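One structure below.
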Protein chains: 2
Amino acid sequence: MAKFKLDETDHQILDMLIENTRTPFTDIAKKLLISAGTVHVRVKKMEEAGIIIGSSLTLDYKKLGYAFIAYVGVFLKNTSQTKFVLERINEIPFVTVAHVTTGKFNVFCKIRAKNTQHAKEIIFLLDDIEGVYRTETMISLEESINDKKRLMHSIFKEM
Amino acid sequence: MAKFKLDETDHQILDMLIENTRTPFTDIAKKLLISAGTVHVRVKKMEEAGIIIGSSLTLDYKKLGYAFIAYVGVFLKNTSQTKFVLERINEIPFVTVAHVTTGKFNVFCKIRAKNTQHAKEIIFLLDDIEGVYRTETMISLEESINDKKRLMHSIFKEM
DNA sequence: GGTGAAAGCACCGAGTT
DNA sequence: AACTCGGTGCTTTCACC
């Protein structure tokens, strides 16, 4: 998991692909004044190095009827059950991400649901997992996602 | 923000593109026994409808030297300052997402940092925002991201 | 709303500098 | 490591169903 060396050209390629995965390599090449072949080789190298893990679509879950987001803190009866509980949590499709954490909670997860009723059902599923002592829910009233590009620029500045 | 009607074919197209945005339309067409032109038209329609917002690369931040994830709960002096504070928070590049929440915290955010030292600096930036009373940090020891496909399947089942 | 063919490009590997 | 170039194959449009 070592820090990987990327140069300015790699940064700019990632920059364009982060905004739109399907940006033609020829467009990137034109902008960076290099050949499309070079873009191709560099992307391939970053894929082989595991820097680029994959690509995914960003969907509007609100439009799909899933506007409800909440974070659920999970308290365990016994921390030795962490692994087991984490596995059970990951079987629930509406849990988008789960963390083992220090601090207040043992496990901490994000859920995406249709509405409060649906969220309640999901939280009940969490509560029902063996080893879960209790849960604490925080409902998101508003989500603001920071620009991925901005984070990358900050990372690049330090490389 | 109405619920949008997608048919089985759309589901399967999204299914393949979620796994890999660059899946050739010809491959999708072959698998679904339709023409590549049809795949193209359907994807375009989903883009125009705003279901597909965009596409992005998944990067390995660990390999880039950013292995540290934490969630920070923010308490405000006064909830009327929420909007202002949220704007300031979003100016910090290492904050990847911020939420206005009900429950324990007023605002809740996720940060990505190089290490504990770096995380401390970011949390100090949060503490320094005018209107922030105090913060509470939960450090992620392990992140497990649920399969995006699994959520989509659950959503599709109900459409 | 779908098709199939055709034109236009992009991808990607080979060979070169 | 990057370039050019050419074969292969993908995308996108369009007339037609």
Side-chain angles (χ1 to χ4, degrees), chain A residues 2-60 63-65 149 152 155-159, chain B residues 2-60 63-65 148-149 152-153 155-159:
Chain A
K3 203 163 155 178
F4 202 84
K5 210 61 201 147
L6 300 177
D7 67 10
E8 183 59 27
T9 308
D10 292 323
H11 297 173
Q12 292 195 261
I13 292 170
L14 287 179
D15 223 45
M16 293 186 77
L17 290 177
I18 276 173
E19 289 250 302
N20 176 11
T21 316
R22 288 186 112 95
T23 310
F25 290 180
T26 45
D27 284 11
I28 298 173
K30 242 176 272 169
K31 194 162 172 187
L32 305 186
L33 306 173
I34 54 178
S35 78
T38 303
V39 176
H40 174 237
V41 169
R42 279 169 175 267
V43 169
K44 213 172 157 191
K45 272 187 190 162
M46 289 190 278
E47 281 170 354
E48 277 161 11
I51 300 279
I52 297 175
I53 298 170
S55 63
S56 189
L57 291 182
T58 309
L59 301 178
D60 189 334
K63 289 215 170 114
L64 294 169
K149 223 168 156 172
M152 288 312 291
I155 290 176
F156 293 156
K157 258 192 283 182
E158 309 241 347
M159 293 185 88
Chain B
K3 205 164 153 177
F4 202 84
K5 210 62 202 147
L6 301 176
D7 68 10
E8 185 59 27
T9 307
D10 292 323
H11 297 174
Q12 293 195 260
I13 292 170
L14 287 180
D15 223 45
M16 295 185 77
L17 290 177
I18 277 173
E19 290 250 302
N20 175 10
T21 316
R22 283 183 177 266
T23 311
F25 290 179
T26 45
D27 284 10
I28 299 174
K30 242 177 270 168
K31 194 162 174 187
L32 304 186
L33 305 173
I34 55 178
S35 76
T38 302
V39 175
H40 176 239
V41 168
R42 279 171 175 267
V43 169
K44 216 170 155 190
K45 272 188 190 160
M46 289 190 278
E47 281 170 353
E48 277 161 11
I51 300 281
I52 297 174
I53 298 170
S55 64
S56 189
L57 292 181
T58 310
L59 301 179
D60 188 334
K63 289 214 171 115
L64 295 169
K148 217 171 171 177
K149 221 169 158 172
M152 286 314 289
H153 284 303
I155 290 176
F156 292 156
K157 258 193 283 183
E158 310 240 347
M159 294 185 86

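Keep in mind the model is a prediction, meaning the values are calculated, not measured. Throughout, a chain's letter reflects where its sequence line sits, starting with A, and its residues are numbered from 1.
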Fill in: Parallel, tilted or perpendicular, as decided by the 30° and 60° cut-offs, for the rings of B/Phe156 and B/His11
parallel
Worksheet item: Is there a donor-acceptor pair under 3.5 Å between the side chain of A/Lys30 and the backbone N or O of A/Ala36?
Response: no
Discussion item. Just the rounded figure in Å: distance from P of D/dG9 to CD1 of B/Ile28.
Written reply: 18 Å
Worksheet item: So, is A/His40 close to the C/dC11 phosphate, meaning a side-chain N or O under 4.0 Å from OP1 or OP2?
Response: no
Worksheet item: Are OP1 or OP2 of C/dC11 and a side-chain N or O of A/Lys44 less than 4.0 angstrom apart?
Response: no
Fill in: Closest to side chain of B/Thr38, choosing from C/dT3, C/dG1, D/dT11
C/dT3
Item to complete: Take the protein atom CD of A/Glu47 and the nucleotide atom P of C/dC11, then report the distance between them rounded to whole Å.
Response: 12 Å
Worksheet item: How long is the line joining CG of A/Asp10 and P of D/dA2, in whole Å?
Response: 8 Å
Item to complete: Using atom types as modelled and distance alone, determine if a side-chain donor or acceptor of A/Lys149 lies under 3.5 Å from a backbone N or O of A/Ile18.
Response: no
Response to the item:
Between B/Arg22 and B/Asp7, whichever has its closest DNA chain C nucleotide further toward 5' is B/Asp7
Worksheet item: Is there a donor-acceptor pair under 3.5 Å between the side chain of B/Asn20 and the backbone N or O of B/Leu17?
Response: no
Practice prompt. For A/Ile13 and C/dA10, give me the distance from atom CD1 to atom P, rounded to whole Å.
Written response: 16 Å
Worksheet item: With a 4.0 Å cut-off on heavy atoms, is A/Thr26 in touch with a base, just the backbone sugar-phosphate, or nothing at all?
Response: sugar-phosphate
Worksheet item: Among D/dT11, C/dA10, D/dA1, which nucleotide sits nearest the side chain of A/Arg42?
Response: D/dA1
Worksheet item: Can you name the one residue among A/Leu6, A/Ile28, A/Thr9 that meets side chain to side chain contact (heavy atoms under 4.5 Å, CB included) with A/Arg42?
Response: A/Thr9
Worksheet item: OP1, OP2 of C/dG4 versus side-chain N and O of B/Ser35: anything below 4.0 Å?
Response: no
Fill in: Protein-nucleotide distance (B/Asp27, atom CG; D/dT11, atom C1'), rounded to Å
13 Å
Fill in: From C/dT3, D/dT11, C/dA10, nucleotide with atom closest to B/Ile34 side chain
C/dT3
Practice prompt. For B/Leu33 and C/dG2, give me the distance from atom CG to atom P, rounded to whole Å.
Written response: 14 Å
Practice prompt. Quickly work out the B/Phe25 CZ to C/dC11 P distance and round it to whole Å.
Written response: 13 Å
Worksheet item: How many Å lie between NZ on B/Lys30 and C1' on D/dG9, as a whole number?
Response: 9 Å
